[in-house]
Novice: 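I am attaching a structure below and will ask some questions about it afterwards.
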Amino acid sequence: MAKHDKLNLTIAKAERNTDFPVLKYSSTERGKVVDVTVKDIDGTPYDLSGFDLEFVEELYNGNIVVDDGSQDNGGSFAKTDLKNGKFSYQFQEGAYQYDGWAHFKFKQNDNLIDTTEGFAIKIIDDIDAELDESSYVAYFEKIKSATQTWENQARDLLKSAQALNDGNHSKIAILETGLDGVKQQVNDLSSKHENDKNALSSRLDSLNQEKDILKQRVNSLDQEKNALKQRIDSLDQEKNNLNTQVNNLKNKDAELEREIEDAKIPTFNTLSEYQTWAKDHPNRLAYVLDDTK
């Protein structure tokens with residue numbers, strides 16, 4: 001059975017130093033287990049009873065590994081003695097890909113309770129899984145021979161390049177002159193683009209100002225329209241009030257005319273005419289021109 005690595009970690013605190021644990025693994029290793037002992041800042045065992053455990057590693061490629069042991073492709077926790085802060089963790093495959101900086105978190109009901117100090121994980125690349133110790137010398141001799149061959153080829157290529165360089169020097173000069181012309185054209189186009197951009201920006205600012213002025217004018221006209229509408233509503237109300245007053249006056253005038261008409265003393269030619277009228281108008285006075293008839 002493979003021997004487990006050991007980690008003695010304290011709860012994270014404000015003071016930090018450069019003395020931190022380092023775990024070294026091969027990039028081809030899998031299933032490594034580390035036995036962890038967590039202590040409080042005073043050195044006493046940290047009671048992890050009732051806490052959920054979580055491994056977090058920030059890989060040097062920018063990715064972050066978060067593992068609570070519940071995923072199918074994740075690692076796993078063995079809670080050996082939580083009362084005394086002891087547990088084991090088997091790393092998931094993502095931890096063997098890149099160097100990283102890791103720590104353990106302790107949660108309860110999804111609330112973070114505490115975090116351990118950090119530790120480094122160093123991944124060492126294997127040379128070749130097929131090489132054994134007896135073939136190391138031959139392996140490096142082969143590398144040396146290949147390197148020498150590459151150096152010889154590089155020297156030959158350098159000589160050929162030098163010859164080409166001498167033969168094409170005038171062509172290079174012509175190309176450099178043409179390149180200068182192209183650079184000047186690019187600079188001219190860049191300047192024109194910048195000028196056009198500035199002109200468009202200025203025009204856009206002007207249009208935005210005109211838009212703001214028109215918007216203010218529209219708002220002002222809306223206010224004037226609302227004021228006129230209120231004035232029209234007020235005049236309509238005044239007109240209705242005047243119509244009511246006119247109708248009231250007309251009614252009073254008709255009533256006065258009736259009262260005046262009623263107040264007039266009628267005149268009858270004969271007494272019999274008066275008596276007939278008096279039946280419908282008791283207690284009213286009247287003139288009778290001839291009271292004998």
Side-chain angles (χ1 to χ4, degrees), residues 16-20 22-30 55-67 73 91-103 118-131 136-220:
R16 295 183 180 275
N17 53 57
T18 57
D19 185 14
F20 52 83
V22 179
L23 298 177
K24 293 184 179 181
Y25 297 123
S26 167
S27 60
T28 60
E29 287 185 288
R30 295 293 184 272
F55 170 75
V56 179
E57 181 183 8
E58 183 177 355
L59 302 177
Y60 284 3
N61 68 343
N63 293 333
I64 296 179
V65 175
V66 179
D67 182 17
N73 60 345
F91 291 98
Q92 62 151 286
E93 291 191 6
Y96 303 99
Q97 304 303 314
Y98 298 94
D99 296 349
W101 181 255
H103 62 272
F119 57 94
I121 297 178
K122 177 67 177 176
I123 303 301
I124 303 171
D125 292 332
D126 286 345
I127 296 176
D128 192 332
E130 297 180 356
L131 290 177
Y136 279 175
V137 174
Y139 175 75
F140 285 108
E141 285 295 332
K142 182 179 179 181
I143 293 178
K144 182 178 178 181
S145 176
T147 303
Q148 186 62 49
T149 301
W150 179 87
E151 288 180 356
N152 293 336
Q153 292 175 351
R155 289 193 184 95
D156 293 340
L157 287 174
L158 183 61
K159 291 178 181 178
S160 299
Q162 186 63 43
L164 289 173
N165 182 62
D166 293 340
N168 295 326
H169 182 73
S170 59
K171 293 181 179 180
I172 293 173
I174 295 173
L175 290 174
E176 288 179 347
T177 302
L179 181 60
D180 290 339
V182 171
K183 287 181 178 179
Q184 184 60 45
Q185 291 179 4
V186 171
N187 291 334
D188 293 342
L189 288 174
S190 178
S191 297
K192 185 178 184 302
H193 170 72
E194 188 67 23
N195 293 335
D196 291 343
K197 184 182 74 173
N198 292 335
L200 288 174
S201 178
S202 176
R203 179 55 180 161
L204 181 61
D205 292 340
S206 177
L207 290 174
N208 285 332
Q209 291 176 356
E210 293 178 7
K211 183 187 73 174
D212 292 339
I213 293 173
L214 288 174
K215 186 176 180 180
Q216 292 175 358
R217 180 55 181 161
V218 169
N219 291 336
S220 176

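This is a predicted model, so every value here is computed, not measured.
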Novice: To the nearest 0.5 Å, how far apart are CG in L204 and CD in Q209?
Specialist: 10.0 Å
Novice: What's the separation between atom CZ in R203 and atom CG in L207, rounded to the nearest 0.5 Å?
Specialist: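 Atom-to-atom, R203:CZ and L207:CG are 4.0 Å apart.
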Novice: To check you understand the geometry: which heavy-atom pair defines the closest contact between I123 and D99, and what is its length?
Specialist: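 Shortest heavy-atom separation between I123 and D99 comes out as N-OD1, 2.7 Å.
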Novice: Sub-3.5 Å donor-acceptor pair from the side chain of S202 to the main-chain atoms of N198, do we have one?
Specialist: no
Novice: Of all heavy-atom pairs between Y25 and I121, which one has the smallest distance, and what is that distance?
Specialist: CD1-CG2, 4.2 Å
Novice: My understanding is that only residues two or more places apart in sequence, or in another chain, count here; which of them pass salt bridge (charged side-chain N to carboxylate O under 4.0 Å, His left out) with K211?
Specialist: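 Salt bridge (charged side-chain N to carboxylate O under 4.0 Å, His left out) list for K211, sorted by chain: empty.
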Novice: Is any side-chain heavy atom of E93 closer than 4.5 Å to one of N73?
Specialist: no
Novice: When rounded to the nearest 0.5 angstrom, what distance separates CD in Q92 from CD in Q97?
Specialist: 9.5 Å
Novice: Rounded to the nearest 0.5 Å, what separates atom CD in E58 from atom NE2 in H103?
Specialist: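 Separation between the atoms: 9.5 Å.
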Novice: Over all heavy atoms of both residues, which pair between Y98 and E57 is shortest? Give the atoms and the distance, please.
Specialist: O-OE2, 4.0 Å
Novice: For the residue pair A102 and F55, what are the closest heavy atoms and their distance?
Specialist: CB-CE1, 3.6 Å
Novice: Which pair of heavy atoms, one from F20 and one from A120, lies closest together, and at what distance?
Specialist: CE1-CB, 3.8 Å
Novice: To the closest 0.5 Å, what do you measure between CD (Q216) and CG (L214)?
Specialist: 9.5 Å
Novice: Drop me the distance from D180's CG to Q184's CD, to the nearest 0.5 angstrom.
Specialist: 9.0 Å
Novice: Return the set of residues passing salt bridge (charged side-chain N to carboxylate O under 4.0 Å, His left out) with K197 (not counting sequence neighbours), or none when no residue passes.
Specialist: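 With sequence neighbours excluded, K197 shows a salt bridge (charged side-chain N to carboxylate O under 4.0 Å, His left out) to E194, given in chain and number order.
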